[in-house]
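The sequence lines fix the lettering, A, B, ..., with proteins before strands; numbering per chain opens at 1. Computation of the quantities below employed the complete heavy-atom set of this structure, encompassing side-chain atoms and omitting hydrogens, waters and symmetry-equivalent molecules.
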Protein chains: 2
Amino acid sequence: MAYTMKEVAERTGASPHTLRFYEKEGVLPIPDRDANGVRIFNEHYIDCVDTVQALRSTGLPLAEIKQYVELYKSGEQTLPLRRTMLVVQKNKVEDQIARLIKTLEKLNYKLALVDAQESQFSKLP
Amino acid sequence: MAYTMKEVAERTGASPHTLRFYEKEGVLPIPDRDANGVRIFNEHYIDCVDTVQALRSTGLPLAEIKQYVELYKSGEQTLPLRRTMLVVQKNKVEDQIARLIKTLEKLNYKLALVDAQESQFSKLP
DNA sequence: TGGAGGGCTAGAGTTACTCTAACTTATTTT
DNA sequence: AAAATAAGTTAGAGTAACTCTAGCCCTCCA
């Protein structure tokens, strides 16, 4: 039930550096410490990291994630606002996916061009 | 056939700042200037910007884009290497799309949770 | 007991912008 | 004609989000 820094890093894919940095920036809770001042994490902490990572991977800045986390901490009356934030992010992610698909098409086009040029090149006398 | 900084910025979506920065970093060609030292751009320049943006949007660092551009400048013998770079980026983009779809699912899940809590909340006496 | 392994903090370095200051030039507006 | 507006120029500072370094502490196992 208790995890070390290294375990949390492994389970979330974030580096210990990044985890400490997120904590310092206030987007992650302040974990308990053992007698030597070493952080002790629990299952819930890993959920928090997952959420922050999901929000970050959509490009949401840490400052806004912090806002979201603070809304979460201040209870149910912030649910409508949090809902709005989630919907906004959802739309952004859909846009990003659309944009990446366009990029993929562009890359495929460039690959086709390169292949055409390559075969022409190899046909030279 | 000739464009100003502002027009290039509008047509590519990159800010003039960013365009000058890219030029300084060597990922864009050095454009001609008019008598007042003002940059004059052409159609081909816009293609270059598009390509850089497509590569950047896949997360390719400017340093590697610069390498690609230099390979391009040094002619046909670099085609196989450029082809490899494109394939690598294509795979990365596919990965990114897959990851974003997962994030989208997570967001939908969180939205469903929030909606459930919200309706529960509104049912309170 | 000593060395590997992990953790801690403070702070420097990196990437890719992004903005500011201070200035010139060109075009409108009064 | 003078003034305001808009666009351009450079050099360089600032920012976000890591990412790494230095220097130290603690513990565990051979």
Kindly work out whether a path of hydrophobic side-chain contacts (I/L/V/M/F/W/Y, heavy atoms less than 4.5 Å apart) joins Val88(A) to Leu86(A).
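No; Leu86(A) is not reachable from Val88(A) via cluster members.
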Interatomic distance where [atom1] belongs to [X] and [atom2] belongs to [N] [whole Å]:
{"X": "Leu55(A)", "N": "dA16(D)", "atom1": "CG", "atom2": "C1'", "answer": "17 Å"}
{"X": "Asp34(B)", "N": "dT24(C)", "atom1": "CG", "atom2": "P", "answer": "16 Å"}
{"X": "Phe41(A)", "N": "dG6(C)", "atom1": "CZ", "atom2": "C1'", "answer": "13 Å"}
{"X": "Met5(B)", "N": "dT10(D)", "atom1": "CE", "atom2": "C1'", "answer": "12 Å"}

Is a donor from one side chain sitting under 3.5 angstrom from an acceptor on the other, for Arg82(B) and Tyr68(B)?
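On atom types as modelled, these side chains do not qualify, holding no pair under 3.5 Å.
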When you compare the side chains of Thr58(A) and Thr103(B), does any donor N or O come within less than 3.5 Å of an acceptor on the partner?
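Short answer, no.
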In Å and rounded to the nearest 0.5 Å, what is the CD to CZ distance from Glu23(A) to Phe41(A)?
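Between Glu23(A) CD and Phe41(A) CZ, I get 6.5 Å after rounding to 0.5 Å.
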Going 5' to 3' through nucleotides 17-24 of chain D, assign each nucleotide B (protein heavy atom under 4.0 Å from a base atom), S (under 4.0 Å only from sugar-phosphate atoms) or - (no protein heavy atom that close).
BB-BB---
How would you label the contact of Arg20(A) with the nucleic acid (heavy atoms, under 4.0 Å): base, sugar-phosphate, or nothing?
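Contact class for Arg20(A): base.
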How about NZ on Lys110(B), more than 12 heavy atoms from neighbouring residues, nucleotides or ligands closer than 6.0 Å, or not?
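No, because the 6.0 Å sphere around NZ of Lys110(B) holds 12 heavy atoms or fewer from other groups.
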dT27(D) OP1/OP2 closer than 4.0 Å to side-chain N/O of Asn36(A):
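Yes.
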For Arg39(B) and dT9(D), is the shortest distance between a side-chain N/O and OP1 or OP2 below 4.0 Å?
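For dT9(D), OP1 or OP2 has a side-chain N or O of Arg39(B) closer than 4.0 Å.
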Taking the nucleotide of DNA chain C with the nearest heavy atom to each, does Lys24(A) or Gly37(A) sit closer to the 5' end?
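Between the two, 5'-proximity favours Gly37(A).
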Taking the nucleotide of DNA chain D with the closest heavy atom to each, which residue, Glu23(B) or Lys6(B), is nearer the 5' end?
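Between the two, 5'-proximity favours Lys6(B).
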